[in-house]
Asks: 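Below are the structure tokens for one structure; questions will follow.
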Amino acid sequence: MKYWSDIQIKLKDQVYLGKLMLLLMLLAYLFILGENQIFWKIPVISVGLITWLLFRNKTKHPIVWIMVFLLLLIDLFYSYYWVANHHFMLIFMVLSVILYSYHNQQRIFIKNIQILAVIVVLASVVHKVSSSQFINGDFYYHALNLGALFKYFFRFFPDSVELANSNTESLKLLHGTDPNLGESIILKNVFPKLRVISVMLVWLTIIVEFIVAMAILLKPKNKWTHLIFIAMIIGVLCTRLETGFMSLLAISGLILCSNRKLSMLYILIILGCIALIITKIGYH
Amino acid sequence: MLSLQNFHFHHACESFLKMTKTTKEFLLKYGIPSLAIIVVVIQLFLVNTKELSRWKGGGYGMYTEIHYFYNQIYIPGMSVDSLVKDNSEMKFTLGHLMVMPNETNLKKAAELVLKTSKKDSIDVQIWKPIVNSENGIYTRVLAGEIHLNKSGL
């Protein structure tokens, strides 16, 4: 019982925990991106660490956060069209943390994170609704037939794995030919009624994401908001190991959540994602 | 009379400070989210006008269309794999063409390929995949093409 009460005390400050989780995720993320643009990153890391070592208790400036912010900016500057979408979200979250250390108003920081999470999920809905390839089910149909989604569940259906491999092979052969010849292939359905499944998945995704965005906007502290947000995060992780992005959404959820048990669930998701990022099983 | 003026002055100062405080709080609350919205709007603009892939550019449009990895650069008589091997500039330029297959990037790619090759002229094509979930047909459509002569450089 004492352990649980200790854990509950630790879970009380969700903003502190959120910042800690964000820093852990950032370290894993920046370590993986570390080999790009070393000409700029080495001085930033060196100066940042020396400053942190000598002045960390003598200045009000968040040295470590400023250092990681600069590192993120370097990658953004050189690879604007290559960095992952959650690189942008990371930048905005780190910027919010830096500002928070100056204004010291928790409710403003929480508002920043709340609106950011809404924007990210809502922008995703806008893209889905405005993409003809997504809305008519062609995208999911293509991805499922190549075994690119639900990869870890596919292994329970050996016939489907074989069909997905065969589709991938046909696609490779097609891409080896001159496209001017106008050749095409016919994808074999990995599951029966795949078109119907694809269209159902399309609307399920859009509806769930829209409900999540609205719930975070209107009822950011509500238990049901967090339950559906967690369900969405786990659903995405089952579809594909987007651990980098999902850990950021879970960190946002943790910062907004005041329910101890759900906070614990967020922490488990975040730490699991970080473990998968470090071991390179999940995407960073 | 003077005290009444003082009263008005203090009142005005207080109102100003209150307004400044409200504005400051508004900026702190919505400044960063506004930046995020600007990035999304720019990305959507580039998607709709410059052929940027929905997957990139900070608009959170991943998994909404076939990945740009399936786009195909075709240069008759040349192997794209050989061109990008050990050539970071080529990799960068052709990579840009894959993620944003528009006329500008097609021209940049063609100019670079022509410069590095011994040919007098080249054709560069960019093809995009389409799939029809009703009949399962997967094929490629021409998204852009350019013919460039060395004399035109």
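In what follows, chains are A, B, ... by sequence order, proteins preceding strands, each numbered from 1.
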Asks: Sub-4.5 Å heavy-atom contacts with chain B: which residues of residues 168-178 of chain A show up?
Replies: A:L171, A:L174, A:H175, A:T177, A:D178

Asks: Over all heavy atoms of both residues, which pair between B:L35 and A:F92 is shortest? Give the atoms and the distance, please.
Replies: CB-CE2, 3.7 Å

Asks: Check whether any side-chain N or O of B:K56 sits under 3.5 Å from a backbone N or O of A:Y81 as a donor-acceptor pair, and report yes or no.
Replies: no

Asks: Any non-hydrogen side-chain atom of A:F245 less than 4.5 Å from a side-chain atom of B:M62?
Replies: yes

Asks: Compare all side-chain heavy atoms of B:Y138 with those of A:I186 and state whether any distance is below 4.5 angstrom.
Replies: no

Asks: Does the pair B:E65/A:K128 count as a salt bridge with the N-to-O cut at 4.0 Å?
Replies: no

Asks: Give a yes or no answer on whether the side chain of B:S133 reaches the backbone of A:R195 with a donor-acceptor pair at less than 3.5 Å.
Replies: no

Asks: Taking all heavy atoms of B:G61 and all of A:N85, pick out the closest pair and write down the distance.
Replies: N-ND2, 4.2 Å

Asks: Is the A:H127 to B:Y63 ring centre distance short of 6.0 Å?
Replies: no

Asks: Among A:A148, A:G182, A:S198, A:S130, who wins on heavy-atom pairs under 4.5 Å with chain B?
Replies: A:S130

Asks: Looking just at side-chain N and O atoms, do B:E134 and A:N136 make a donor-acceptor pair shorter than 3.5 Å?
Replies: no

Asks: Which residues in residues 110-120 of chain A have any heavy atom closer than 4.5 Å to a heavy atom of chain B?
Replies: A:K111, A:N112, A:I115, A:L116, A:I119, A:V120

Asks: Checking the side chain of A:Q133 only, and the main-chain atoms of B:I66 only, is there a donor and an acceptor separated by less than 3.5 Å?
Replies: yes

Asks: Side chain, backbone, both or neither: which part of B:N135 has a non-hydrogen atom closer than 4.5 Å to chain A?
Replies: backbone

Asks: Kindly give the heavy-atom pair with the smallest separation between B:G95 and A:W82, and that separation in Å.
Replies: O-CH2, 3.0 Å

Asks: How close do A:A123 and B:Y60 get, heavy atom to heavy atom, and via which atoms?
Replies: CB-CD1, 4.0 Å

